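This structure is a prediction, so every number in the text was calculated from the model and none was measured.
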Amino acid sequence: MAPTPRRAEQAARFESADAHPLVRPYLLTPEERHERRLQGQRRRALWLAVHGIDVGPRRIHGMEVSA
């Protein structure tokens with residue numbers, strides 16, 4: 001059975017995919033992990049602020065502030 005043009009195209013796509021190294025998208029560098037943690041904290045603070053709960057910083061310009 002001769003390969004159809006579509007099957008030949010699919011086979012070529014799989015062969016070319018083997019030339020690229022696989023990268024695990026869920027593995028993060030420590031810097032990326034830290035940045036995502038900070039982003040999560042900012043999003044949580046914003047969500048709480050929308051609902052009237054202040055979880056802002058405890059120190060502003062080196063001065064201790066009360067909540």
Side-chain angles (χ1 to χ4, degrees):
M1 176 185 273
T4 62
R6 185 172 181 190
R7 286 195 186 264
E9 178 184 323
Q10 289 174 344
R13 192 178 317 147
F14 283 122
E15 289 171 6
S16 66
D18 292 338
H20 301 289
L22 296 178
V23 177
R24 297 179 183 177
Y26 54 87
L27 291 180
L28 301 174
T29 64
E31 295 83 19
E32 291 171 331
R33 193 175 301 121
H34 178 70
E35 186 57 41
R36 285 196 183 184
R37 186 178 314 119
L38 291 177
Q39 179 67 32
Q41 290 173 355
R42 290 190 297 266
R43 287 180 178 168
R44 189 176 310 110
L46 179 61
W47 187 86
L48 289 169
V50 167
H51 295 283
I53 302 169
D54 182 24
V55 293
R58 300 293 174 230
R59 288 183 159 273
I60 298 177
H61 300 292
M63 301 290 295
E64 188 77 27
V65 294
S66 60

Query - Spatial distance of atom CZ (R43) from atom CZ (R36) [nearest 0.5 Å] - result: 9.5 Å

Report task. State yes or no: do W47 and I53 share one hydrophobic cluster built from I, L, V, M, F, W and Y residues joined by side-chain heavy-atom distances below 4.5 Å, directly or via other members? Result -> yes

Report task. Report the distance from atom NE2 of H34 to atom CG of L28, rounding to the nearest 0.5 Å. Result -> 13.5 Å

Query - Test side-chain hydrogen bond (donor to acceptor under 3.5 Å, both in side chains) applied to E35 - qualifying residues, sequence neighbours left out - result: R42

